Amino acid sequence: MSNLLSAELYKMKKDLNFRLMAALTVIFTLIQYGVNAIMEAVLRRGGTVGEQADLLERLEDISILDKLHGMFANTNAIIFVTIFVCCFVINDYSSGMVTNFVGKGYKRMEVFLAKFFVVQFGAVLLYLLVAMETLVIGIIFHGTAELGAAFFHDFVSYLALHILYLTAYTAVIILVCTIARNMAVGILISILGIMLFSNFIVQGMDLILSYIGVKTGVAQYWIVTIIASCPVRDIPSKFLMSSGIATVFWLMVSMAAGLFWFEKRDIR
C-alpha cells in the first residue's frame with residue numbers, strides 16, 4: 001500500500017494538469033477581483049446617482065468572506081478541481097496504468113484506495129489554495145480594514161466546513177470517473193450532471209415529493225446543495241448537524257461504491 005501511495009503522490013507531483021488547475025484558480029481569482037475593481041472605477045467616473053450609486057454601494061459592500069463564499073458556493077473555483085480529479089482518475093484507465101498495477105499483484109482494494117486518498121489530498125490542496133489566494137488578493141484589493149477576530153473566526157469556520165463538504169463532493173466525482181472510465185463522459189457528467197445541474201434535479205424531486213404529500217425533501221441532504229447553502233457567517237447548529245451527517249454519508253457511500261465497482265468490473 002505504501003508503494004502505491006508513493007507512486008500516486010509522485011504522479012500528482014509531476015502532473016502538469018494539477019499545476020495548470022492551480023494556476024487557473026489564481027488567474028480566475030484575480031479576474032474576479034479585477035472585474036469588480038474596474039466596475040467600481042467606471043461607476044465612480046460616470047457619476048454616482050440613482051441606480052449607479054446603488055450598484056456602486058453593493059460592489060463596495062462585497063467583502064473577502066463574500067468572495068470566498070462565491071468561489072465555493074457558486075462553483076467558481078470548484079470547476080478547476082473537478083477537471084483535475086477527472087483527468088487524474090480517468091487517465092490511469094486510458095493509459096493502462098491501472099492494468100499495470102493490478103497485473104503486478106497489488107490488491108484491487110489497495111489500488112483504488114491509494115488513488116482515492118491521493119486524489120482527495122490533491123483536491124484539498126487546491127481548495128486551500130483557493131481560500132488562501134482569495135484572502136491574499138482580497139487584502140491587496142480591499143486592504144486590512146475588515147480583518148479582525150470576528151473575520152478570522154468566520155473565515156476559518158467556513159473554510160473548515162467546506163473542506164469537509166468538498167471531500168464528500170470529490171468522492172462523488174471519483175465514483176463517477178471510476179464508473180465512466182472515459183475522459184469525455186466523466187468530465188461531462190461531473191461538470192454538467194453533478195456540479196451544475198444536480199441541484200435542479202433534486203429540487204425537482206422535492207417538488208414531486210411535496211406533491212404526493214412527503215414533506216421531508218432530499219435537496220437539503222445533497223452534497224452540492226449543502227455546499228451552496230452553507231452561510232458564510234453565523235452558521236446555525238441545526239445546519240451543522242444535518243450537513244455533517246449528510247457529508248459523512250456521501251463520503252462513505254461514494255468510497256464504498258467506487259471500491260465495489262473497481263473490485264467487480266473487468267479492467268482492460
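Note that the coordinates shown come from a computational prediction; the quantities given were computed from them, not determined experimentally.
Contact of the V85 side chain with the S190 side chain is not registered, since no non-hydrogen atoms from C-beta on lie closer than 4.5 Å. Between I179 and F262, every side-chain heavy-atom pair lies at or beyond the 4.5 Å cut-off. With contacts defined as side-chain heavy-atom distances shorter than 4.5 Å, the pair F80/L20 does not qualify. The side-chain heavy atoms of H69 and L65, taken from C-beta on, include no pair separated by under 4.5 Å. Looking at heavy atoms from C-beta onward, Q220 lies out of side-chain contact with T225 at the 4.5 angstrom threshold. Under the 4.5 Å side-chain criterion, counting only non-hydrogen atoms from C-beta, L147 is in contact with I139. Side-chain atoms of F112 and K107, non-hydrogen and from C-beta on, never get closer than 4.5 Å to each other. Side-chain contact between R181 and I90: absent, with no pair of heavy atoms (C-beta onward) separated by less than 4.5 Å.
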Side chain to side chain contact (heavy atoms under 4.5 Å, CB included) assessment of F260 paired with L175: CA-CA 10 Å; F260 176 81; L175 172 61; over 6 Å; no
List the steps, then state whether side chain to side chain contact (heavy atoms under 4.5 Å, CB included) holds for I194 with I173. CA-CA 8 Å; I194 303 298; I173 302 302; 3.9 Å; yes
Take I137 and L30, measure what side chain to side chain contact (heavy atoms under 4.5 Å, CB included) needs, and give me the verdict at the end. CA-CA 7 Å; I137 298 173; L30 280 168; 3.8 Å; yes
One pair to check against side chain to side chain contact (heavy atoms under 4.5 Å, CB included): I235 and C230. What are the steps and the verdict? CA-CA 7 Å; I235 305 171; C230 179; 4.1 Å; yes
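One finds the OG1 atom of T178 at 10.0 Å from the CH2 atom of W261 (value rounded to the nearest 0.5 Å). Separating the CD1 atom in I189 from the CG atom in N182 is a distance of 9.0 Å, to the nearest 0.5 Å. Atom CZ of residue F18 and atom NZ of residue K13 lie 12.0 Å apart, to the nearest 0.5 angstrom. Note that CD1 of I79 is 6.5 Å distant from CG of L196, once rounded to the nearest 0.5 Å. Rounded to the nearest 0.5 Å, atoms CD1 (I83) and SG (C87) are 7.0 Å apart. Here the CZ-CG distance, from R19 to D15, works out to 7.5 Å after rounding to the nearest 0.5 Å.
More than 12 heavy-atom neighbours from other residues, nucleotides or ligands sit within 6.0 angstrom of CZ on F152. For M132, the CE atom counts as densely surrounded, since its 6.0 Å shell holds more than 12 non-hydrogen atoms of other residues, nucleotides or ligands.
Ring planes of Y33 and F141: parallel class, angle under 30° (limits at 30 and 60°).
Between L259 and M109 the shortest heavy-atom distance is CD1-CA, 3.6 Å. Residue A123 comes nearest to F84 through the heavy atom pair N-CE2, 3.9 Å, listed as atom of the first residue, atom of the second, then distance. Here the closest heavy-atom approach between residue W222 and residue S198 is recorded as NE1-OG, 2.8 Å. Between A114 and L5, the shortest heavy-atom distance links the atoms CA-CD2, 3.8 Å. Closest heavy-atom contact between T247 and I223: OG1-CD1, 3.7 Å. Scanning all heavy atoms of the two residues, the minimum distance from V176 to G186 falls at CG1-O, 4.2 Å.
For T25 (side chain) and A22 (main-chain N/O), a donor-acceptor pair under 3.5 Å exists by modelled atom type. Of the possible polar contacts, none joining the S157 side chain to the D154 backbone as a donor-acceptor pair under 3.5 Å is found. Between the side chain of E146 and the main chain of I64, a donor-acceptor pair closer than 3.5 Å is present.
Contact check on E8 versus K115 returns a salt bridge, with a Lys/Arg side-chain nitrogen under 4.0 Å from an Asp/Glu carboxylate oxygen.
There is a path of hydrophobic side-chain contacts, each under 4.5 Å, that joins F117 to F121. Residue Y10 is not grouped with residue V118 when hydrophobic side chains (ILVMFWY) are merged at heavy-atom distances under 4.5 angstrom, including chains of intermediate members.
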Show which side-chain atoms of residues 160-171 pair as donor or acceptor with protein atoms under 3.5 Å away, not counting sequence neighbours.
residue : atom : partner : partner atom : Å
H162    : ND1  : Y158    : O            : 3.3
H162    : NE2  : Y158    : OH           : 3.3
H162    : NE2  : I227    : O            : 3.2
Y165    : OH   : S243    : OG           : 2.7
T167    : OG1  : I163    : O            : 3.4
T167    : OG1  : L164    : O            : 2.5
Y169    : OH   : T82     : OG1          : 2.7
T170    : OG1  : Y127    : OH           : 3.1
T170    : OG1  : L166    : O            : 2.7

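No hydrogens or angles considered: a donor-acceptor pair under 3.5 Å links the side chains of D66 and S63.
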